[in-house]
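Just so we're on the same page: letters track the sequence lines, and every chain starts at 1.
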Amino acid sequence: MTEHLPAIQVMIPIVGSLLIMLIRNNTLNWLIGVLSCLSVVFCSITLYSKVAISGAISYAMGGWEPPVGIEYRIDELNALFIVMISLASCIIILYAKNSLNNEIRANKISVFYSMYLLCLAGLIGILSTGDAFNAFVFLEISSLATYIMISIGQDKRALVAAYQYLIMGTIGATLYVIGVGLIFVITGSLNLVDIASRINDIELMRPLYASLAFITVGIALKIALFPLHAWLPNAYAYSPSVGTAFLASTATKVAIYLLLKYLYLVFGYNIIYSNPLFMIVIIALSLAAMFGASIIAIFQSNIKKLFAYSSVAQIGYITLGLGIANYNGLIGSTVHIINHSIIKAAIFLAIGCVVYKTKETSIKKLAGLGRTMPLIATCLTISSISLIGVPGTVGFISKWYLVLGAIEQGWWLVVISLAISSLLALIYVGRVIELIWFHEPEKNIIVIKEKLPKEMVIITIILTLATIYFGIDIRLTADLAKVAVENVLLAGDIL
Amino acid sequence: MNIVSNLISSYNYYIIIFLMISGLFIVVARGNMMKKLVGLALFQTSVYILYISPGKILNGTAPILRDDFTIYSSPFPHVLILTAIVVGIATLSLGLALVIRINEEFGTIEEDKLFEEEL
């Protein structure tokens, strides 16, 4: 039974999503969602412990042996991310019930749950598959589900946001397929391990560079790497709060993993460093994201958009770690994927609580939140502070590794940029915190008088505590990331 | 002479690139959401041909196992592209559905007019 876990953990959410579409009873659907997510968490943790003991697992889908058949390959790195994604989705769906009832029309709720699970299945598929084309199919499954989740948002601008994301996302996926097609023509294989073993014998470099460029740009559109981030702020701002929290903590992270995989496991150091321009571009774009998006975030008047731009900036930190490309830099990236996922889930769920009471996402409505909703205001403050990277919070851990990596490379300019962009984060977060604690509440700000549902408050608090806990105890985040980087990304390479 | 033979021998790739660029150009340059989707479809279709055309082997038959033939075209790209076509249809139909909903809510599908309403 356990040898089929890699397939089962993708199948469970797909089956759950179909069941939800058939049953269409909101409470029952929520239960199906929670059960599917819980069983995926169980599967992924079992799988991680298996991988941690015996090393990478190769699973032949449908009994067709790789490289002919589709291979699912679970190693320490993607097993870690699968655990992270499934935990995040489980926590967010536990929170979702009342928030969705409040935010979207009753007849759309089952569609939302269904798409939520389908998106989860797609994301886990991208993480676990070892086949280039299969990754594209899962990328599209998760993206299509995402477009629908965004368009369900109550604001009518959600439709335009979903449309824009559809156009950009499809262009990104198509560019990715072009890249995969070129690799297929050059190497004659679609199995990533197989490609990696053949790619170093290729003498014709130009098509190889072309495919690297196509794949990088295609995935960068999905990552929302600056300046390809245009779809992200509107998509985050107008989708239901639960959807925003889910997307912010999982979807972009999975795309980053895909990029990481292509750069370090498929193409490998020899090729990505044979042309120094490539890494310079990645680093320049990361720095542009850290500065540009942070500066734009300062001027936002919509709280969700503010944190959406901050997401773009934080993605810059993660890709910066890919560009630094030494032991500490890669750990920084891996840890920041996990940490940023926790932080953004906490922030957007706290905002979800505010939206539940006030029905508004305008930043002015946050004024005096410290008095009207002290508990949620504290959660929002703490999780925002960890976004800056204050010592004792998760943000500090990842930035610490990034700074160490940059110092090792001797890139002092990057170190200084990291510090300055943290100051920019301080400005936009400071603006929110100032409004929350040092302003008089507007009259009639609370639209809904009844108390916040307990589970929404509890889950927000748990996630906020997690941003502090993982900032002190790094055994579950940084230490596991170290194992992953040592065993997977740096295996067989000399750095 | 070299250039001409190059052009003729790999004319399929020039067609693919032309289709690809024109599709992408329509997506970028047109403000009508419907036309954008047409461009997107064109862009995706060009990729299908990009996959199919290297699979063809000169004088090869369709990949059906029989004793009379020894040279087959590769069936592999066709299988992949069948999947990609399904994905493309799903994307396109979702896009069209969104355009219908946008038209219902805003009364227009021109991007210029939509952005005037401050997005």
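Contact check for Met33(B) versus Val160(A): side-chain heavy atoms found under the 4.5 Å cut-off. With contacts defined as side-chain heavy-atom distances shorter than 4.5 Å, the pair Leu92(B)/Thr170(A) does not qualify. Counting heavy atoms from C-beta on, the side chains of Phe184(A) and Pro77(B) come closer than 4.5 Å.
Considering every non-hydrogen atom in both Pro54(B) and Val185(A), the closest pair reads CG-CG2, 3.8 Å. Taking every heavy atom of both residues into account, Leu98(B) and Ser151(A) meet most closely at CD2-CB, 3.7 Å.
Atom CD of Glu104(B) sits about 12.0 Å away from atom NZ of Lys156(A), to the nearest 0.5 Å. Summarising the geometry, atom CG belonging to Leu50(B) is positioned 11.5 Å from atom OG1 belonging to Thr174(A); distances are rounded to the nearest 0.5 Å.
Residue Tyr51(B) touches chain A through its side chain alone, counting heavy-atom pairs closer than 4.5 Å. Using a 4.5 Å cut-off between heavy atoms, Leu37(B) contacts chain A through both its backbone and its side chain. Using a 4.5 Å cut-off between heavy atoms, Leu80(B) touches chain A through backbone and side chain atoms alike. If you measure heavy-atom distances from Leu94(B) to chain A, the contacts under 4.5 Å come from both the backbone and the side chain.
Enclosure of atom CZ in Arg198(A) by more than 12 non-hydrogen atoms of other residues, nucleotides or ligands within 6.0 angstrom is indicated. Atom CZ of Phe25(B) has 12 or fewer heavy atoms from other residues, nucleotides or ligands within 6.0 Å. Other residues, nucleotides and ligands contribute over 12 non-hydrogen atoms within 6.0 Å of the CE atom of Met205(A). Surrounding OH of Tyr14(B) are more than 12 heavy atoms belonging to other residues, nucleotides or ligands, all under 6.0 Å away.
Considering only heavy-atom pairs separated by less than 4.5 Å from chain B, the leading option among Ile178(A), Leu190(A), Ile167(A), Ile148(A) is Ile178(A). Counting heavy-atom pairs closer than 4.5 Å to chain A, the top residue among Gly95(B), Ala97(B), Gly88(B), Gly55(B) is Gly95(B).
Scanning residues 126-146 of chain A against chain B with a 4.5 Å non-hydrogen threshold yields Phe133(A), Phe136(A), Val137(A), Glu140(A), Leu144(A), sorted by number.
Tyr163(A) places no side-chain N or O within donor-acceptor distance of the main-chain N or O of Val99(B), the cut-off being under 3.5 Å.
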